[in-house]
Amino acid sequence: MTAELLLLLRLALSDEAFGRREADALEGAAKVLGLGAEDVAEVLSAFDGIATQRDVAAARLSLREDSRGHAWLLARLLFDLVARDATLAPRAHRLAARVGEILGLAPQEMEDLAAQALQR
């Protein structure tokens, strides 16, 4: 589930090739999740392969194939993570819209999840 969570974050940050800013945000999130430096490097290396629109579309599709309940769980875990990360928390509302789009969940539901996570 950690890999799915980080993939969702990667897609929510950008549809484009990964830049330094996104890599830094993803690295910080991975550390919040308790991944070691070696694991973080492996994750970033794997996400380097998501560079074209076709790659992004395939990654999005892989996340949408799961049940609605699984999508909700991923979204909730992501917003809990965002709330604990100082660089991601200010982006919570923008990420909410992107996560809803990626997972096929209603934007307002994602806004509510993000707001709840930020209040905890």
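Rounding to the nearest 0.5 Å places OG1 of T2 at 12.5 Å from CG of L7. Note that OG of S62 is 7.5 Å distant from CG of L11, once rounded to the nearest 0.5 Å. Of the inter-residue distances, the one linking L81 atom CG with L95 atom CG reads 10.0 Å to the nearest 0.5 angstrom. The distance from the CG atom of D80 to the CG atom of D85 is 12.5 Å, given to the nearest 0.5 Å. With rounding to the nearest 0.5 Å, the separation of CZ in R84 from CG in L118 is 12.5 Å.
Side chains of V99 and L9 form no contact here, defined as non-hydrogen atoms less than 4.5 Å apart. Residues V40 and L26 have side chains not in contact (no heavy-atom distance under 4.5 Å, counting atoms from C-beta outward). Side-chain contact between L13 and R10 is absent, with no heavy atoms from C-beta onward closer than 4.5 Å. The shortest side-chain heavy-atom distance between W72 and L103 does not fall under the 4.5 Å cut-off. The side-chain heavy atoms of L78 and L113, taken from C-beta on, include no pair separated by under 4.5 Å. In this structure, R98 and M110 have side chains that are not in contact, with every pair of non-hydrogen atoms separated by 4.5 Å or more. The side-chain heavy atoms of D24 and T87, taken from C-beta on, include no pair separated by under 4.5 Å.
In the hydrophobic clustering of this structure, V56 groups with L74; members are Ile, Leu, Val, Met, Phe, Trp, Tyr whose side-chain heavy atoms approach within less than 4.5 Å, directly or through other members. Hydrophobic cluster membership is shared by M1 and L33, with clusters built from Ile, Leu, Val, Met, Phe, Trp and Tyr side chains linked at under 4.5 angstrom.
Contact check on R20 versus E27 returns a salt bridge, with a Lys/Arg side-chain nitrogen under 4.0 Å from an Asp/Glu carboxylate oxygen. In summary, R68 and E109 engage in a salt bridge, as defined by a charged side-chain N under 4.0 Å from a carboxylate O.
Looking only at atom types and distance, the side chain of Q116 has no donor-acceptor partner in the side chain of D112 under 3.5 Å away. There is a side-chain donor-acceptor pair under 3.5 Å between T52 and D55.
Of all heavy-atom pairs spanning L88 and A25, the tightest one is CD2-CB, 3.8 Å. When every heavy atom of A29 is checked against every heavy atom of L6, the shortest pair comes out as CB-CD2, 4.4 Å. Heavy-atom minimum distance, A92 versus A114: O-CB, 4.2 Å. Taking both residues in full, the closest heavy atoms of A96 and F79 are given as CA-CZ, 3.5 Å, listed atom of the first, atom of the second, then distance.
No more than 12 heavy atoms of other residues, nucleotides or ligands lie within 6.0 Å of CZ in R76, so this atom counts as exposed by the packing criterion. Within 6.0 Å of CZ in R64 there are more than 12 heavy atoms belonging to other residues, nucleotides or ligands. Residue R120 places its CZ atom among more than 12 non-hydrogen atoms of other residues, nucleotides or ligands, all under 6.0 Å distant.
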